[in-house]
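To start, the structure under review is shown below, and the notes come after it.
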Amino acid sequence: MHIDHFKEHFQSITDQRQGAKVTYCLFEVLFGSLCAVIAGAKGWFDIREYILGHHDWFTRNNMFFNDIPADDTIARIISTIEPKQFQECFINWMSSVHTLTEGQVVAIDGKTLRGSYNRENRASTIHIISAYASSNKLVLGQLKTEQKSNEITAIPELIKMLDMKGALVTIDAMACQTKIAKAIVDKGADYLLAVKSNQGKLRIAVEKAFAAKRASVANNITFEKGHGRIESRQCHVFRSDKLEGNFSRWKDLKSIIMVEKFHFIKGKKLDLEYRYYISSKELTAEQAASAIREHWGIESMHWVLNVSMNEDACQIYKAHGAENLACLRHMGLNMLRAEPTKLSVVGKQKRCMMNTSMLEAVLSAGFIAMAKN
């Protein structure tokens, strides 16, 4: 199961407890918590119950010889781990088992942990920025920011922590900032950024560059039918020299992209919209369309965290508990998705809850399968 490999990457975490009062090994509690989260544990009580229910398996793997800690003790141990150190270990671990291929899409987006606010201050809700390798469905790293508006400052910090050489980094319009574009290029990667009204002059210039194309597109729409809706998507790419004005502050800007989307659902209003993007990479229309579609994989990942792992319903908020548990969920989801059995995430969780043989398969796949990607 490669427990030693896992331990190698996480043993550097500093134990904040006083040495003379330590009864339970930090690694044992951390690894036990990860196993429980893989099996569907939603909080501290669930984690203890999972370890208790499979105590024989843990002792066979040289853990929890000194009985099992209470759920309050598990909460205290996990919540005192310094999140930055924990996240660095996670990122280093992912770097060791997964190598980005040239041109692979890495989507960056934020998600609010809706139940993580201090009960005396609702505005304290935690917001997590994640980097996601779309094609392999792997979370590569995460970073906390207190508010959604702080994504602009948090994203460059996350980029600095990751090895992104050769990747194509996709981010939504809020992060369409020159500093973020520069940070991505400086790491040896390329950017594909959505352009909206927060970059007024750039948006106007891109729209103007595609004005003639928009007129011709409107007369040559092809449609797809399915699931009660009629849709059309077309992607067009121009070189950045089509822009009127000086946009040299956007480092290595090479391509501008327009996506035309038409959709109609019976009984609802017909909708035709245009979305615009910029990129530091010379892209074909097919490459740009594919990368834009892949970006939405991170939204799917957020959906799984909510529906399969009940992330938004989690009420843990004290100390670093919410942030560290979010990291454990990311780790657990990576490993569940790496396991090749054709079951849903929930189905795999249920099997892990019932028997440790499935847990062993998930833990092993989490290392072996990811290492092959």
Check: [Y] main-chain N/O paired with [X] side-chain donor or acceptor under 3.5 Å:
X	Y	result
N246	S248	yes
E339	T341	yes
S116	I126	yes
N324	I78	yes
T284	Q287	yes
K187	K160	yes
S279	Y191	yes
S308	L305	no
S344	G347	yes
S79	R76	no

Salt bridge between [X] and [Y], side-chain N to carboxylate O under 4.0 Å?
X	Y	value
E311	K111	yes
R239	E282	yes
K182	D186	yes
K208	E244	yes

[Y] versus [X], side-chain donor and acceptor atoms under 3.5 Å:
X	Y	result
D163	S95	no
T14	Q85	yes
S135	Q104	yes
H9	S96	yes

Tell me, do [X] and [Y] make a side-chain contact under 4.5 Å, heavy atoms counted?
X	Y	answer
N334	F90	yes
L26	I81	yes
S12	F10	no
K281	L192	no
L333	M309	yes
I292	R275	no
I257	H236	no
F247	I278	no

Query - Residues Q315, R119; criterion side chain to side chain donor-acceptor pair (under 3.5 Å); working and verdict - result: CA-CA 10 Å; Q315 298 295 305; R119 297 307 177 258; 2.8 Å; yes
What is the minimum heavy-atom distance between [X] and [Y], and which atoms define it?
X	Y	answer
K348	L343	CE-O, 3.6 Å
E28	N62	OE2-O, 3.9 Å
A175	L193	O-CD1, 4.3 Å
I47	G32	CG2-O, 4.5 Å
P69	F64	CD-CE2, 3.8 Å

Query - Rounded distance [0.5 Å steps], CD in Q177 versus OG1 in T153 - result: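 Here the rounded value is 10.5 Å.
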Requested in this report: Would you give the length of the straight line joining atom NZ of K196 to atom SG of C176, rounded to the nearest 0.5 angstrom?
Outcome: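 If we round to the nearest 0.5 Å, K196:NZ and C176:SG are 11.0 Å apart.
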Query raised in the report: Looking at E323, K144, E82, which one forms a side chain to side chain donor-acceptor pair (under 3.5 Å) with Q87?
Result: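 Considering E323, K144, E82, a side chain to side chain donor-acceptor pair (under 3.5 Å) with Q87 is found only for E323.
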Report task. Starting from the C-alpha separation in whole Å, work towards a yes-or-no answer on side chain to side chain donor-acceptor pair (under 3.5 Å) for E8 and W93. Result -> CA-CA 9 Å; E8 175 188 343; W93 171 48; over 6 Å; no
Query - Working for salt bridge (Lys or Arg N to Asp or Glu O under 4.0 Å), residues D71 and R48 - result: CA-CA 6 Å; D71 51 344; R48 184 184 189 277; 5.7 Å; no
Query raised in the report: Aromatic rings Y274 and Y276: how do their planes relate, parallel, tilted or perpendicular, breaks at 30° and 60°?
Result: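 Aromatic pair Y274/Y276 classed parallel.
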**Report entry** Intermediate values then yes/no, side-chain contact (heavy atoms from CB on, under 4.5 Å), R293 and S290
**Finding:** CA-CA 5 Å; R293 284 195 300 270; S290 176; 4.0 Å; yes
Query raised in the report: Could you walk me through whether F210 and I256 pass the side-chain contact (heavy atoms from CB on, under 4.5 Å) check?
Result: CA-CA 9 Å; F210 282 106; I256 57 175; 3.8 Å; yes
Requested in this report: Please say which of I129, D109, I184 ends up in a side-chain contact (heavy atoms from CB on, under 4.5 Å) with I171.
Outcome: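 Passing option: I184.
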Query raised in the report: Should M331 and L34 be marked as a side-chain contact (heavy atoms from CB on, under 4.5 Å) after you check the CA-CA gap, both sets of side-chain angles, and the distance that decides it?
Result: CA-CA 8 Å; M331 293 163 63; L34 173 61; 3.9 Å; yes
**Report entry** K42 atom NZ: more than 12 heavy-atom contacts under 6.0 Å
**Finding:**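 Atom NZ in K42 is crowded, with more than 12 foreign heavy atoms closer than 6.0 Å.
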Query raised in the report: When you look at CZ of R351, are more than 12 heavy atoms from neighbouring residues, nucleotides or ligands closer to it than 6.0 Å?
Result: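 For R351, atom CZ is not crowded (no more than 12 foreign heavy atoms under 6.0 Å).
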Report task. Compute both the distance and the angle, then confirm whether K242 meets the cation-pi test with F238: under 6.0 Å from the six-membered ring centre, within 45 degrees of the axis. Result ->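 Pair K242/F238 counts as cation-pi.
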Query raised in the report: Do the ring centers of Y50 and H54 come within less than 6.0 Å of each other?
Result: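 That pair passes the under 6.0 Å test.
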Requested in this report: Compute the centroid of each ring, for F31 and then for F6, and state whether the two points are separated by less than 6.0 Å.
Outcome: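 F31 vs F6: aromatic centres under 6.0 Å.
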Report task. Mind running side-chain contact (heavy atoms from CB on, under 4.5 Å) on M161 and E88 for me, showing each step along the way? Result -> CA-CA 8 Å; M161 296 168 68; E88 287 175 352; 4.1 Å; yes
